[in-house]
Amino acid sequence: MTLAPEWETVVGLEVHTELKTMTKMFCGCANAFGAEPNTQVCPVCLGLPGSLPVLNVRAVDLAMAIGLALHSTIASSTFHRKNYFYPDMPKDYQISQYDLPINSGGYLDLPDGSRVSIERAHLEEDTGKSTHLGGSGRIHGADRSLVDYNRSGVPLVEIVSGPDIRSSAQAHLYASELRGILIATGASDGRMEEGSMRIDANVSVRKIGQPLGTRCEVKNLNSLRSLQRAIDFEASRQFELINAGGVVRQETRHWDEGLGETSTMRTKEEADDYRYFREPDLVDLVPDGAWLERIRDTLGAMPAERRAALRAHLTNPSPAQLDALDVVIDLGFDDYVLGAIAANVDAALAMARAANELATDVDHLANLTSDAFATTLTMEQSGQLSATQAKTVLLELLAHGGEPRDIARSKGYEQLTSAALGDTVSEVIAQHPDEWARYRDGDDKLAQFFIGQVMSVTKGQANGKAVIAELTARR
Amino acid sequence: MASPLRREDVAKVAKLARLTLSEDELDLFTEQLGQVLEHAKDIAALNLEGVVATAHPFGLINVVRDDVRRPSISRDAILAMAPDAEDGRFAVPRIIGEAP
């Protein structure tokens, strides 16, 4: 069921992002995903008595970078203890920021032209990770739980938006743009599948123009797809409830991806009283102007600006070309693409090769220079390499490095340059005089026949466009 | 000044702290904690005009460390201290409900 026309969905998002530091927030244990359980732990992150936290300066740098990118006010801040009992939090409190967060206010502009306000972006530490055994695998019905504290104490920034989002699609756009910013600032790798970016959605519905409705907080959104589906489900649920004369209860709800629905986790009456108080083991954080300037100087262009710069090189782009542009921005291939464009390579071709070929092997980008990328595409564009050959050369460059021309030669691709191809085309024409006559009389379909013949003779190494150029020249 | 500490406030705080108090203890702690809170009245009675809130006696700010790795401790040693462990992880009784 969708909402009636005069109704609207109102969403505010809380995005938790793990910061890409070498070490945890308050101790020197490694901050790295995927290690053997409990091999990155020490007395501080295990909450053993007598241990003392010392703040990681890099976590502060990255939090400030996020604040600058979101146009927040970066001010003096303090740390608090948020008290609760749960096995993944061994100290029985989480160190977080409460009334004085490092970043307050700000906004994020989305590609659709809308603006979403930011209420705050504060520092806090992550919890450990529980696995629940027995029963259905879900928490309810588990016999016991196993806890890994490698993640305990990993630095996080929680970014809280205003209730400005009006649809699940806009929520998706916001999360996606924010993810791009987190990657661009170097604060996060944005990997939702590894849990380094996690989202909670506050969802309510109302008649347009009326005050905000009662909201429900939806948790367990592990992908942008889940986010969008969960908001749609939750808004419909609330609307149906109200429509049937019911009242929405403020509560926390759990999204079940398999069932495609949300269910009550706990109601407001059961809500925890966290008894926040100042963390006595940490002092005030007071970023001065010089510190702020140092961070500002390290910030590159944000995705919106980079997207606009690349977009300007495309004329009437197709949806596929815009998708390629998004991948280029997401993976930071700007320099490759701009380098190729500067070498007169077609922008759409450069983006397509970056989004399709470079994206398959991002771990080996160091092997591929911007010049080698541009050279390969120039060779493709001039017909020295077919599309398939150019892709092979790029993958080879990524895997082993080297020069495009050397690779093309070693694979025998360069034999097909101009003269050789011209000879082959002439031979094929001579062998098929009838087809050639019909082609010259205007039967364009026969171009495909000749391309096929040339491909057959050259074992697929000819460039289709170059063959057509040769045919046209002789027509 | 806030209203005096009530017995149900103490019961609530005890519950949040996972403490089981007897009826006698509830009475005792309501009185004792009440006396502690009464003491705050002595400070409230002073003229604090212009006095900035103090969170730390030394006025230190920006105490940070570089983002440099230090050795973690051995998993065997740490799990040996736990009441129960399985598969390199701490084993705890079944968790009811999800993390707040």
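Side-chain atoms are counted along with the backbone in the values below, which use heavy atoms only and exclude waters and symmetry mates. Below, chain A is the first sequence line, B the second, and so on; all start at residue 1.
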In terms of heavy-atom pairs under 4.5 Å, which option from Asp92(A), Leu146(A), Val60(A), Thr131(A) contacts chain B the most?
-> Leu146(A)
Name the option with the most non-hydrogen atom pairs under 4.5 Å to chain B; the candidates are Leu46(A), Leu282(A), Asn31(A).
-> Leu46(A)
Mind checking the CG-OG1 spacing from Asn56(A) to Thr23(A)? Nearest 0.5 Å is all I need.
-> 4.0 Å
Student check: side-chain heavy atoms of Arg89(B) and Val147(A) closer than 4.5 Å = no
Who in residues 73-83 of chain B is close to chain A, using a strict under-4.5 Å heavy-atom cut-off?
-> Ile73(B), Arg75(B), Ile78(B), Leu79(B)
Identify the heavy atoms of Tyr149(A) and Asn38(A) that sit nearest to each other, and give their distance.
-> N-OD1, 2.8 Å
Salt-bridge present (Arg144(A), Glu86(B); N to O < 4.0 Å) = yes
Between CD1 on residue Ile199(A) and CD on residue Glu14(A), distance to nearest 0.5 Å | 11.0 Å
Can you list the residues that meet the side-chain contact (heavy atoms from CB on, under 4.5 Å) rule with Asp281(A), with sequence neighbours excluded?
-> Leu52(A), Pro53(A), Arg81(A), Glu279(A)
Best-contacting candidate, Cys45(A), Pro280(A), Gly28(A), against chain B by heavy atom pairs under 4.5 angstrom | Gly28(A)
Which bit of Glu36(A) is near chain B, if near means a heavy-atom gap under 4.5 Å: side chain, backbone, both or neither?
-> both
Can you tell which of Asp84(B), Asp67(B), Asp66(B), Asn62(B) has the highest number of heavy-atom pairs within less than 4.5 Å of chain A?
-> Asp67(B)
Heavy-atom pairs under 4.5 Å with chain B, option from Val41(A), Asp148(A), Thr21(A), Leu285(A) with the top count = Val41(A)
Contacting region of Thr127(A) [heavy-atom separation from chain B under 4.5 Å] = neither
So which of Lys24(A), Gln40(A), Arg275(A) has the largest heavy-atom pair count under 4.5 angstrom toward chain B?
-> Arg275(A)
Atom group of Cys27(A) that falls short of 4.5 Å from chain B, counting heavy atoms | backbone
Hey, could you give me each pair passing salt bridge (charged side-chain N to carboxylate O under 4.0 Å, His left out) that has a residue in residues 44-64 of chain A? Not counting sequence neighbours.
-> Asp61(A)-Arg294(A)
Assign the ring pair Tyr98(A) / Tyr276(A) to parallel, tilted or perpendicular, where the plane angle (0 to 90°) is split at 30° and 60°.
-> parallel
If you measure from the Lys or Arg side-chain nitrogens to the Asp or Glu carboxylate oxygens, is any gap between Arg278(A) and Asp284(A) under 4.0 Å?
-> yes
All side-chain contact (heavy atoms from CB on, under 4.5 Å) counterparts of Val283(A), not counting sequence neighbours | His56(B), Leu60(B), Val63(B)
Less than 4.5 Å apart, any side-chain heavy atom of His122(A) and any of Ser77(A)?
-> no
By a 4.5 Å heavy-atom criterion (distance strictly below it), what part of Leu48(A) contacts chain B: side chain, backbone, both, or neither?
-> side chain
